[in-house]
Number of protein chains: 2
Amino acid sequence: MPTTETLDRELTEHLRRRGQRVTPQRLVLHRVLRERDRHVTAEEAMRALDRELPNVSLPTVYANLELFEELGIVRRVAMEGGPALFDSRTEQHDHVACRRCGRVEDIEASVDDVRALRAARAAGYEPERTDVVVVGLCSDCRA
Amino acid sequence: MPTTETLDRELTEHLRRRGQRVTPQRLVLHRVLRERDRHVTAEEAMRALDRELPNVSLPTVYANLELFEELGIVRRVAMEGGPALFDSRTEQHDHVACRRCGRVEDIEASVDDVRALRAARAAGYEPERTDVVVVGLCSDCRA
DNA sequence: CTGGATGCAAACTCTTTGCATGCAT
DNA sequence: ATGCATGCAAAGAGTTTGCATCCAG
C-alpha cells in the first residue's frame with residue numbers, strides 16, 4: 001500500500017496535468033478508494049470520507065467519481081438494480097454478481113474477447129473495453 | 001414469423017402450465033415482443049401495446065415483463081444509466097453498447113466462458129449465465 | 001481576485017408498491 | 001364466486017442539476 005503522501009502526490013499530478021484543482025475532498029476520496037481496493041458505492045465512499053472530512057455531500061462524491069473515471073483512477077461497474085459500484089482496480093478483470101443480493105466480486109475469467117471486439121467493429125462500434133459478468137447465486141442466497 | 005394464433009397459443013400454454021391467467025395485456029405484450037424481435041424498453045413496449053390495446057399501465061408492463069422473464073420468454077438486459085432493455089432473443093448471445101447514446105446491439109461474440117464459470121464457482125457462486133458486453137462508441141457518436 | 005468546486009435542496013428518471021376495481025377461471 | 005390481474009397514484013431508490021457560497025490558484 002502506497003503511503004498517504006505518495007497517493008496524494010499521484011492524484012495531484014493527475015489533476016494538475018488537466019488543469020483541475022486539488023481539493024481536500026478529492027485527496028481524501030482518492031485515499032479511501034485506493035485503501036479499500038474493492039467495490040464501493042457512492043454512499044459507502046461518502047461514509048468512509050466522513051470520518052476524515054465531515055459534511056462531504058453525495059453530489060460531490062458523484063462528481064469526483066466521474067472525474068476519477070475520466071482520469072482512469074476508477075471504473076464504474078453498473079449493476080442490475082442496485083447502486084453503481086466504483087472499482088479502483090482499473091486493469092482488465094471480470095466480475096461475478098449475485099442476482100438476489102447484488103454482491104459483486106472479482107474473478108479472473110481470462111476471457112478471450114478478440115472475436116467480440118471484431119464483431120463490435122463489424123457492427124460499426126469503436127470498442128473500448130469488454131465487460132464480463134457471471135450472474136448467479138452466492139453461497140448465502142442459495143441457502 | 002409465427003402467426004398471431006401460434007404466438008397466442010404458445011403463451012397460453014406457458015401460462016396455464018404455471019396456473020396463471022391469460023389476459024389480453026399478456027397476449028398483446030407477448031406479440032409485441034416477439035414481432036419486434038429486438039431490445040425494447042418497458043416504455044417502448046407500452047407505446048407499441050397502446051396501438052392495439054389502449055390504456056395499459058406501465059406497472060402492468062413491468063409486472064408482465066418480469067413474469068415473462070421467469071417463463072424464459074425475455075431476458076432483461078441491464079444497461080448503464082438508461083432504462084432496462086428486454087430482449088426476446090433468449091438464447092446465448094452477447095451485446096455491444098455505446099457508452100454515449102446507450103444504443104445496444106446484438107453481436108455474436110462466441111466467448112468461451114468456461115474459465116469464468118469455474119472462477120465463479122471457486123468464489124462460492126452457482127453461475128446461471130455469463131453476460132458479455134463490449135462497451136465503446138457507435139458510429140454516430142464518434143462523429 | 002476569479003472561476004472552478006462545494007454543499008444543500010430539489011428535480012429527475014426509472015421502477016416498485018398499495019389499493020380499489022375488474023375480469024379470467 | 002373467488003382471487004389474481006389491472007390501472008391509477010404515489011412512494012422509493014439512485015443520480016443529477018441549480019444555485020449561492022467558498023476557496024485553490
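Just so we're on the same page: letters track the sequence lines, and every chain starts at 1. Values below: all heavy atoms of this structure, side chains included; hydrogens, waters and symmetry mates excluded.
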- Is there a donor-acceptor contact under 3.5 Å from the side chain of B:T12 to the main chain of B:D8? yes
- Message: How many whole angstroms separate atom CG of B:L58 from atom C1' of C:dT17?
- Response: 14 Å
- Message: Between the side chains of B:R76 and B:E66, is the shortest nitrogen-to-carboxylate-oxygen separation below 4.0 Å, so that they form an ion pair?
- Response: no
- So does B:T60 get a side-chain nitrogen or oxygen closer than 4.0 Å to the phosphate oxygens (OP1/OP2) of D:dG7? yes
- Task: Give the rounded distance in Å between these two atoms: CD of A:E43 and P of D:dT16.
- Result: 14 Å
- Under 3.5 Å, side chain of B:N64 to main-chain N/O of B:Q25, donor-acceptor pair present? no
- Atom-to-atom span, CG of B:L11 to C1' of C:dA24 - whole angstrom: 14 Å
- Using a heavy-atom cut-off of under 4.0 Å over every strand shown, decide if B:A63 touches base, sugar-phosphate, or nothing. nothing
- Query: Quick one: CG on B:D106 to CZ on B:R38, what's the gap to the nearest 0.5 Å?
  - Reply: 10.5 Å
- So what does A:P59 hit on the nucleic acid, given a heavy-atom distance under 4.0 Å: a base, only sugar-phosphate, or nothing? base
- Interatomic distance, B:E66 CD vs C:dC14 P [rounded to whole Å]: 19 Å
- Message: Between B:E44 and B:R36, does any NZ, NE, NH1 or NH2 come within less than 4.0 Å of an OD or OE carboxylate oxygen?
- Response: no
- Query: A:L15 has an atom CG; how far is it from atom P of C:dT6, in whole Å?
  - Reply: 10 Å
- DNA chain C: 5'-proximal contact among A:P54 and B:P83 (nearest heavy atom): A:P54
- May I have the distance from A:N55 (atom CG) to C:dA5 (atom C1'), rounded to whole angstrom? 16 Å
- Would you classify A:A42 as touching base, sugar-phosphate or nothing, given that sugar-phosphate means primed atoms plus P, OP1 and OP2, and contacts are heavy atoms under 4.0 Å? nothing
- Message: Just the rounded figure in Å: distance from P of D:dA24 to CG of A:L67.
- Response: 16 Å
- Query: Given D:dT6, is OP1 or OP2 found less than 4.0 Å from the side-chain N or O atoms of B:N64?
  - Reply: yes
- D:dA5 P sits how many Å from B:H30 NE2, rounded? 17 Å
- Item | DNA chain D-proximal residues of residues 19-28 of chain B, any heavy atom under 4.0 Å | B:Q20, B:R21, B:T23, B:Q25, B:R26
- Query: Has B:R16 got a side-chain N or O lying under 4.0 Å from the OP1 or OP2 atom of C:dA24?
  - Reply: no
- Salt bridge between B:E108 and B:R89, side-chain N to carboxylate O under 4.0 Å? yes
- Query: How about B:H95 and B:D87: does a side-chain donor come under 3.5 Å of a side-chain acceptor?
  - Reply: yes
